[in-house]
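In each ligand, atom 1 is the first atom listed, and ligand 1 is the first ligand listed. As the structure is a computational prediction, the values presented were derived from the model and not from experiment. Quick note: numbers below take in every heavy atom, side chains included, and nothing from hydrogens, waters or symmetry partners.
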Amino acid sequence: MAKWALVAHGGAGVIERDQLRPEQDAAYREAMGRVAQAGAAVLKAGGAALDAVEAAIRILEDDPLFNAGRGAVFTAEGDIELDASIMEGGRLEAGAVAGLRRTRHPISAARAVMAHSPHVFLGGEGADAFARSRGLEQVEPAFFFTERRWTALVRELQRQGLPIPARPAGAAPAALDARAALAHDEGKRGTVGVVALDTEGTVAAGTSTGGVTAKRWGRVGDSPIIGAGTYATNAAGAVSCTGAGEYFIRLAVARTICALVELKGLTLQAAADQVVQRDLTRLGGEGGVIAVAPDGQMAWSFNTSGMYRARIADGEAMVVGIYKDDP
Ligand code: ASP
């Protein structure tokens, strides 16, 4: 039986120790730890890496602290467009969705595309319609709304000199907004992702995001692109990314990390560092990655001041971090 392991991220960006209030710091650490434990519970019980990834990401999608699902950022038109992808490293099966507006859990929609369609990637209305046809919960756009993200949109549009769209109908319930008020503005972005290794020795990766504040209608980042924001192969490992998607796409970050392990024999950490600290930085992109390998190696690497993260493995104490100098 292989050793199980799981790593989670809640986005990378400008996250500095002196910028977060103590209650924000505590809320992020608690959320990342809780999510890692939830994923670990699946793996400990002998569950599949894919199930652990989906279960953990669904929790993050419902938490308005993170830019995925509920609490996602708005497009320039004031809409929510959600992207997600998932991949399993044994049979190289993958599913992805872009531009969802109605599906509560984009990661489950991505998994449904993988499991129940002949396709890998569905976009826009067709993706929501497919999720609906698979019985996945559909919600009104107001479900995703938080005051905090709306304010961030208005501020960003003002900065760019762009028109401010009408406020969407239906505001968030007070409790949701109170939680969202704890969210730190990492710099217009954010994403959630989980990678896992199960006791069968299979790895899986998943990523879910609202994208970037004031993004253009129809803009798709790296998160739902297999090979860019997400990749998994039992020949190397599973990777989930967060950061400036336009850079991650051009470097095919997730697949490149796996290729360096598989073809060049680098350790997972060395491969992640090479792509993030060297290639991404050279290109001018910012962000980070998490990864796990079939032999239990875990890695993270980011060139921003912080990344919300947690890792946990069979027989090892959980590690939760936010800032660069956290362990
Ligand atoms: N990668 C995401 C995107 O470009 C954003 C992020 O991870 O911060 O849509």
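Remark: E125 does not engage R132 in a salt bridge, criterion side-chain N to carboxylate O under 4.0 Å. A salt bridge links R159 with E156: the distance from a Lys NZ or Arg NE/NH1/NH2 to an Asp or Glu carboxylate oxygen falls below 4.0 Å.
Each of the following atoms of ligand 1 lies closer than 4.0 Å to a heavy atom of G245: 4 (O). Near T242, meaning under 4.0 Å from any of its heavy atoms, are these atoms of ligand 1: 6 (C), 7 (O), 8 (O). Of all atoms in ligand 1, numbered sequentially from 1 with element shown, those under 4.0 Å from a heavy atom of D222 are 1 (N), 2 (C), 3 (C), 4 (O). Close contacts between ligand 1 and S223 involve ligand atoms 1 (N), 2 (C) [criterion: under 4.0 Å to a heavy atom].
In R219, the part holding a heavy atom less than 4.0 Å from any atom of ligand 1 is the side chain.
The shortest separation from a heavy atom of G190 to ligand 1 is under 4.0 Å, placing the residue in contact.
Within a 6.0 Å sphere centred on CZ of R250, heavy atoms belonging to other residues, nucleotides or ligands number more than 12.
Each salt bridge (charged side-chain N to carboxylate O under 4.0 Å, His left out) pair with one or both residues in residues 14-29, not counting sequence neighbours, appears once here: R17-D325, R17-D326, R21-E23, D25-R29, R29-D326.
By the side chain to side chain donor-acceptor pair (under 3.5 Å) test, T146 is found to be paired with no residue, residues two or more places apart in sequence or in another chain being considered.
The nearest non-hydrogen atom to atom 2 (C) of ligand 1, considering only A244, G221, G243, comes from G243.
For the residue pair D273 and S301, a side-chain donor N or O sits within less than 3.5 Å of a side-chain acceptor on the partner.
In this structure, the protein non-hydrogen atom closest to atom 7 (O) of ligand 1 is T191 OG1, 2.5 Å.
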